[in-house]
Amino acid sequence: MRSKKLFAPRLDAPLPAWMVFPAVFVALFVSHFTLLGLPYYWDEAGYYIPAAWDFFRTGSLIPITTLTNAHPPLPSIYLALWWKVFSFCPLVTRVAVLAAASFGLTAVWRLAMRLTGFPAVAFWTVALTALYPIWFAQSTLAHADIFAAACTLWGLVYVLPGALPGPDRRPGQNQEPGQSWKPGQSQAALRKPWAAALWFALAVLSKETAIAIPLTLAAVSLIESLRAPRLARLRLVREAAWLASCALPLAAWYAYHYSKTGFLFGNPEFLRYNAQANLEPLRILAAFGYRVLHLTAQMNLFVPVGMAIAALLFNPRPVLAGAGADGPAADGSGDSDADGRTANDSDASDRNADSSGADRPEGGKPEGGKPGRPAIAPAALRRILLLLLANAVLFSVLGGALLTRYLLPMYPLVLLLAVSTLYRRARFWQALAALSAAAFFVGLFVNPPYRFAPEDNLAYARVIRLHQAGIRQLERLYPGATVLSAWPVTDELTRPELGYLKQPYEVYRLEDFTPAQIARAAEEPEKYSAALVFSTKYDPPSLSLNLGHWSFGPPSFGPWNEAVDERYFGLHHDLPPEEIALELHGDLVWKRQDHGQWIALIRFNRQFEARLEDFHFCATQKPCG
């Protein structure tokens, strides 16, 4: 009997996670297949892979071969388990990250079903999230953000107020697994704050900044408890306590880290760059403007967001009988519950039972006077908007670089709001969703006309392949050379475990290839015999229409904005390779470009000339032994 229920689920119930996850994983595996063998890049090569590699080899939760940043250890433990079972190689790592991304998308499905109850809305939310260039790129990169995002989204599944059955929903359609809805029962009673707290604890043990989400939700619950009836007040206070408890494992990790290193929040330079140097009001204000754009426009996100905003000008569309793909069948006037009450009666009883706002919103004034397609519950919408605001503010203060992956768990929420709005108000909403998918697909391959981080789309793969080509040329032409370069290539040349080479090189490190750094290198020519130089920032091609300069996404307001970006956000301009070779008195022997990125190899004859001078001295002064 149990197996029959397992393999023949009710048609009006959502697909269980065990059915959604394999489908999502296969789709991601196929779409990322050409990326799975790429070596490690950027922050994964600079910190996350070395930290996991150290744990894999020594069992130390504190990194040994790289500076500790006090990031929690769960990603290292997760990757080390995969390496233990299979092997240590980029392919295994990328598949492990892909599994985490698939797990996060499964949570997106469950969350969309819980908040809207419609498989079509859930499908398009998952599809758009998976295709969104930032999520797509992060789905195989071993950064902590994808692990924290997956756990955070599962936490939201169990804590956000879901929608109650309405005129176009059947009871039980969007319940949690194993739960059944009863007439008059509030959706708040179906929330599981203890399960949410468990997922949020895993999120903060993946990345410390994930603590902002449960603490924000805890604050909302406490504020709502002040105006709630007694029973609802007790439930909201308990919920807040569960959510706030997620800070305990993070505090324990910091205590352990301090006992081992003497640093509470990582090495002093990391703390200065990511927190202490970011407290100027102008910097915070500029960063907040950038974060708003990251959440509404970055990498073609303006397409679904803009269409959703435009759709708000229209009245809600009426519920259709036999909704088909859009949802379960409905007669458009209000189905009866199990005890004969209408959906409106059910809503009224829920408002009396729970004043937290978890009731289903009214349909508004739809077309033709029929009941409108339901919106996301006000309590859930309020929490989502507060989470978006809290993350925008938090990452305007923390984080030296304005990386969009810090906002990774927020993008599914933005897309869920957009898809839900289009479904509710737009006549051809699925065509508009498909248009958004097409925009995201283009964004994967076509760089935007502003500066951005290569890890925001497939530009990162092009950069990796450029670095691979440059290192192959270096190995072929100048084995054993001392190489002038900058990070991350210096790590790629000195750490064979990153996947670029087998024999490490000695390197002469620069911060970048700006005039000041090249001038410094010119004063010490004896310290390097070859140079592997590359673009450390993406500079968009010049346009006949002056669009200004964006730094990781934000718009420009001319020279003032350029100065702000240079002062606060690390904007700089590398010299072209021809000019670097001229300044260092070398010969440019190889160069490759790809979509605005470049890499070049420069040779120097200094060591050869020194050997000739030594030979001449020995031949004219005395015999050489």
Side-chain angles (χ1 to χ4, degrees), residues 72 107 111 114-115 148-149 151-162 186-254 265 275 278-279 284 287-288 291-292 295 354-359 361 376-399 406-414 416-417:
L111 185 62
R114 177 170 172 78
L115 297 187
C151 295
T152 294
L153 290 167
W154 274 107
L156 294 176
V157 167
Y158 289 101
V159 75
L160 287 183
S186 166
Q187 269 286 356
L190 301 180
R191 281 140 67 180
K192 293 181 177 178
W194 63 267
L198 176 62
W199 285 112
F200 287 138
L202 294 175
V204 300
L205 288 177
S206 297
K207 192 168 187 185
E208 61 277 12
T209 51
I211 191 62
I213 293 174
L215 291 186
T216 300
L217 294 173
V220 173
S221 296
L222 283 178
I223 293 172
E224 288 183 346
S225 70
L226 299 178
R227 56 184 177 83
R230 181 175 177 276
L231 292 178
R233 183 184 304 121
L234 292 176
R235 176 186 56 77
L236 289 168
V237 170
R238 284 196 299 268
E239 181 177 288
W242 274 113
L243 295 173
S245 69
C246 300
L248 296 178
L250 183 61
W253 161 250
Y254 279 137
F265 300 114
N278 304 334
L279 301 181
I284 295 174
F288 181 75
R291 289 310 189 185
V292 171
L295 288 170
D354 178 15
S355 64
S356 68
D359 51 295
I376 294 174
L381 179 62
R382 181 166 58 249
R383 284 166 168 79
I384 289 174
L385 294 177
L386 286 172
L387 288 177
L388 295 175
L389 177 62
N391 276 265
V393 172
L394 174 68
F395 292 113
S396 299
V397 178
L398 299 181
Y406 296 164
L407 300 169
L408 200 59
M410 296 296 101
Y411 291 118
L413 302 183
V414 173
L416 174 58
L417 295 180

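To the nearest 0.5 angstrom, Phe200 atom CZ is 4.5 Å from Leu156 atom CG. Here the CG-OH distance, from Leu111 to Tyr158, works out to 11.5 Å after rounding to the nearest 0.5 Å. To the nearest 0.5 Å, atoms OG1 (Thr152) and CG (Asn391) are separated by 8.5 Å. Rounding to the nearest 0.5 angstrom, the gap separating the CG atom in Leu160 from the CG atom in Leu413 is 7.5 Å. We find the CG-CG distance between Leu398 and Leu279 to be 8.5 Å, quoted to the nearest 0.5 Å. Here the straight-line distance linking atom CZ of Arg382 with atom CD1 of Ile376 works out to 13.0 Å at 0.5 Å rounding.
Nearest heavy atom pair, residue Thr216 against residue Leu386, reads CG2-O, 4.2 Å. Across all non-hydrogen atoms, the minimal contact from Ala244 to Ala218 is N-CB, 4.2 Å. The two residues Pro72 and Leu250 have their closest heavy-atom pair at CG-CD1, 4.1 Å. Closest of all the heavy-atom pairs between Ser245 and Ala197 is OG-CB, 4.1 Å. Scanning both residues, Val157 and Arg114, for their nearest heavy atoms gives O-CD, 3.0 Å. In terms of heavy-atom proximity, Ser396 sits nearest to Phe288 at OG-CA, 3.0 Å.
Residue Trp242 qualifies as open at atom CH2: its count of foreign heavy atoms under 6.0 Å is 12 or below.
Put simply, the side chain of Phe395 reaches to within 4.5 Å of the side chain of Leu407, judged on heavy atoms. Side-chain atoms of Arg230 and Leu234, non-hydrogen and from C-beta on, do get closer than 4.5 Å to each other. At a threshold of 4.5 Å between non-hydrogen side-chain atoms, the residues Leu381 and Leu417 count as touching.
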Please test Met410 against Arg291 for side-chain contact (heavy atoms from CB on, under 4.5 Å), starting from the C-alpha separation and ending with a verdict. CA-CA 11 Å; Met410 296 296 101; Arg291 289 310 189 185; over 6 Å; no
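A side-chain donor-acceptor contact under 3.5 Å links Arg383 to the backbone of Ala379. Between the side chain of Ser221 and the backbone N or O of Ala240, no donor-acceptor pair lies under 3.5 Å.
For Phe265, the ring-ring contact (aromatic ring centres under 6.0 Å, His included) criterion is met by Tyr254, not counting sequence neighbours.
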